[in-house]
Amino acid sequence: MTEHPSATSSRLFARLADGYWPIPALCVVVAAGLSIGLLQVDESLQRGGTRFAFTGGPESARSLLSTIATSTLSLTALVFSITILVLQLASSQFSPRALRSFLRDRESQLTLGVFLATFVFSLIALRAVRGREGLVDRFVPGVTISVAFLLVVLSVGFFVRYIHHIAQSIRVTTLIERIGEETRQTIARLHRPDADAGQRLPELDDRGRVVAAEVHGSVVHVDVERLVAMARALNGVIAVVPRVGGFVAAGQPVLRVVTATANENGVRDEDLRVAVRLEPERSAEQDVGFGLRQLVDIAERALSPGTNDPSTAVQCLDQLHDLLRHLGTSAYPSAVRCDDDGEVRVIVHFGTWEEHVALALDELRLWGRSSLQVRRRMEALVVDLLGVVEGARRQPLIERVPLWIHPLEPA
């Protein structure tokens, strides 16, 4: 069965947004177009008898452009090698899930793009240089060569900036802060006052039509508006079976459709699947738990006997503390979505306060039980949160307070 075109386009857009190659590819295309355009300008200037910017002959032009192309290609290879080494370091020392943050680093992508753009620009200009061999007229593109020289200067500046940036990015403090900021942005997008928050969650049991996943993957995005529109057209309720961030095996239920009548208006399973995007790995697009998961992973690796770095674990707890404060004092997205008439149409779970507290604290409480530094920081975290959260949100924190006296033992 072929995938729905809308699902294919949504998946392609997501991969372009997260991919490492689109910005370098765009830089190459722009450089090629700029080089061809400037060569046309040089042709016009030469026909008018004007020489501009570069006064050397064909051999000088070829030598300069060849040097530029060779040097920028060497810089490109160096940048690529450094990037691969950084990815290996991040995977082995921090967490494999942290690689996504490095692959989405726009500054590294732009640096690689500038080097490749300079290389392609110089090659196209080199091809256009002509001498007086045979019947060929002499042509030295002065404007194009001058721009190529400026691109080299720009590339050197980008290289110096890249070295500084990559040295900063491999610091664990920078990585932890980046993950925390990305998670805070997700919280700001999702955790807002919700008009549907007071709606009662309907009991669907095992009724209705089940829509199974065609491929395996984690739920990274749910198009709630699309599902609401389809549920309204069906005069029913659509429930997203897995929570956002959860894994779905191929053939496992991903949606459950309960309609008031047997008539489903010809809505196909493919039309419904489009609203739930599955990817091989989780993302922070709609999944606050993914950011918490990354921080916990880095802290656990820091607490492993082979690393034994409780200070890094405390830095992760600092970020977790701030994130839990944001979560504890903000409105959680409702699991119920209604249409304009106030009718319940969609049920989707984005995670609860209890789940987030358990994810952020339970594993670190176990692995950090022998570290006085970690235990003190976690105790201060819980005490502070008890002072800012209200109502039922206090209970998950209160349940964890006695465990500082009697910590969990490994099974």
Side-chain angles (χ1 to χ4, degrees), residues 89-102 171-187 190-191 218-220 243-247 281-328 332 350-385 389 393 396-397 399-401 403-404 407-411:
L89 176 65
S91 178
S92 61
Q93 188 164 344
F94 303 135
S95 168
R97 278 152 294 284
L99 291 182
R100 189 184 189 94
S101 175
F102 286 94
R171 297 174 62 230
V172 68
T173 303
T174 303
L175 176 60
I176 292 172
E177 180 63 33
R178 185 185 299 173
I179 295 171
E181 183 58 34
E182 185 179 45
T183 308
R184 277 186 284 272
Q185 293 174 4
T186 305
I187 294 172
L190 295 179
H191 292 242
S218 298
V219 179
V220 298
R243 64 172 178 80
V244 175
F247 178 81
E281 65 174 334
R282 296 167 67 180
S283 77
E285 187 176 351
Q286 291 184 332
D287 185 7
V288 173
F290 180 62
L292 302 179
R293 176 78 270 166
Q294 292 180 85
L295 292 171
V296 170
D297 283 353
I298 295 173
E300 287 183 341
R301 184 159 297 195
L303 292 172
S304 65
T307 305
N308 192 24
D309 183 12
S311 295
T312 295
V314 168
Q315 287 182 295
C316 293
L317 283 168
D318 292 341
Q319 284 294 329
L320 290 169
H321 184 180
D322 183 73
L323 293 173
L324 288 175
R325 254 184 167 263
H326 278 77
L327 291 168
Y332 265 73
F350 290 96
T352 64
W353 166 251
E354 292 79 5
E355 291 173 347
H356 290 154
V357 170
L359 173 59
L361 300 182
D362 285 353
E363 294 177 29
L364 293 183
R365 191 176 69 234
L366 172 63
W367 297 110
R369 68 190 185 280
S370 61
S371 171
L372 182 61
Q373 185 181 173
V374 172
R375 292 186 61 181
R376 284 176 174 172
R377 183 64 187 88
M378 292 190 74
E379 183 177 7
L381 183 157
V382 173
V383 170
D384 178 71
L385 290 177
V389 302
R393 295 189 181 183
L397 299 170
E399 292 173 354
R400 285 160 175 80
V401 171
L403 295 175
W404 298 117
L408 292 175
E409 295 295 335

Whether Y332 and H191 hold their rings parallel, tilted or perpendicular, with breakpoints at 30° and 60° | perpendicular
Please report the closest heavy-atom contact between [X] and [Y], naming both atoms and the distance.
| X | Y | answer |
| --- | --- | --- |
| A302 | A313 | CB-N, 4.0 Å |
| R393 | G328 | NH1-O, 2.8 Å |
| S311 | Q373 | OG-OE1, 3.4 Å |
| H326 | I187 | CB-CD1, 4.2 Å |

Side-chain heavy atoms of T312 within contact of T307, under 4.5 Å | no
Side-chain contact, heavy-atom cut-off 4.5 Å: R243 with V219?
-> no
At what distance, to the nearest 0.5 angstrom, does [atom1] of [X] lie from [atom2] of [Y]?
| X | Y | atom1 | atom2 | value |
| --- | --- | --- | --- | --- |
| L385 | L324 | CG | CG | 5.5 Å |
| C316 | Q294 | SG | CD | 10.5 Å |
| F290 | L359 | CZ | CG | 11.5 Å |
| E177 | R171 | CD | CZ | 11.0 Å |
| E181 | T186 | CD | OG1 | 10.0 Å |
| L292 | H356 | CG | NE2 | 6.0 Å |

Taking it one step at a time, do Q319 and I179 satisfy side-chain contact (heavy atoms from CB on, under 4.5 Å)?
-> CA-CA 9 Å; Q319 284 294 329; I179 295 171; over 6 Å; no
Would you please test V296 and E300 for side-chain contact (heavy atoms from CB on, under 4.5 Å) and show each step?
-> CA-CA 6 Å; V296 170; E300 287 183 341; 3.9 Å; yes
Using a strict cut-off of less than 4.0 Å between a Lys/Arg side-chain nitrogen and an Asp/Glu carboxylate oxygen, indicate whether R293 and D297 qualify as a salt bridge.
-> yes
With sequence neighbours excluded, what pairs up with D318 under the side chain to side chain contact (heavy atoms under 4.5 Å, CB included) test?
-> V314, R377
Taking R375 for its side chain and L372 for its backbone only, find out whether a donor-acceptor pair lies under 3.5 Å.
-> no
When you look at L327 and V357, which way does the side-chain contact (heavy atoms from CB on, under 4.5 Å) test go after all the steps?
-> CA-CA 9 Å; L327 291 168; V357 170; over 6 Å; no
Write out all pairs satisfying salt bridge (Lys or Arg N to Asp or Glu O under 4.0 Å) with one or both partners inside residues 302-312, taking only residues at least two apart or from two chains.
-> none
In short, salt bridge (Lys or Arg N to Asp or Glu O under 4.0 Å) pairs touching residues 319-328 with sequence neighbours left out are R184-D322, R325-D384
Sole candidate of V374, L381, L320, L295 that passes side chain to side chain contact (heavy atoms under 4.5 Å, CB included) when paired with L364 | L320
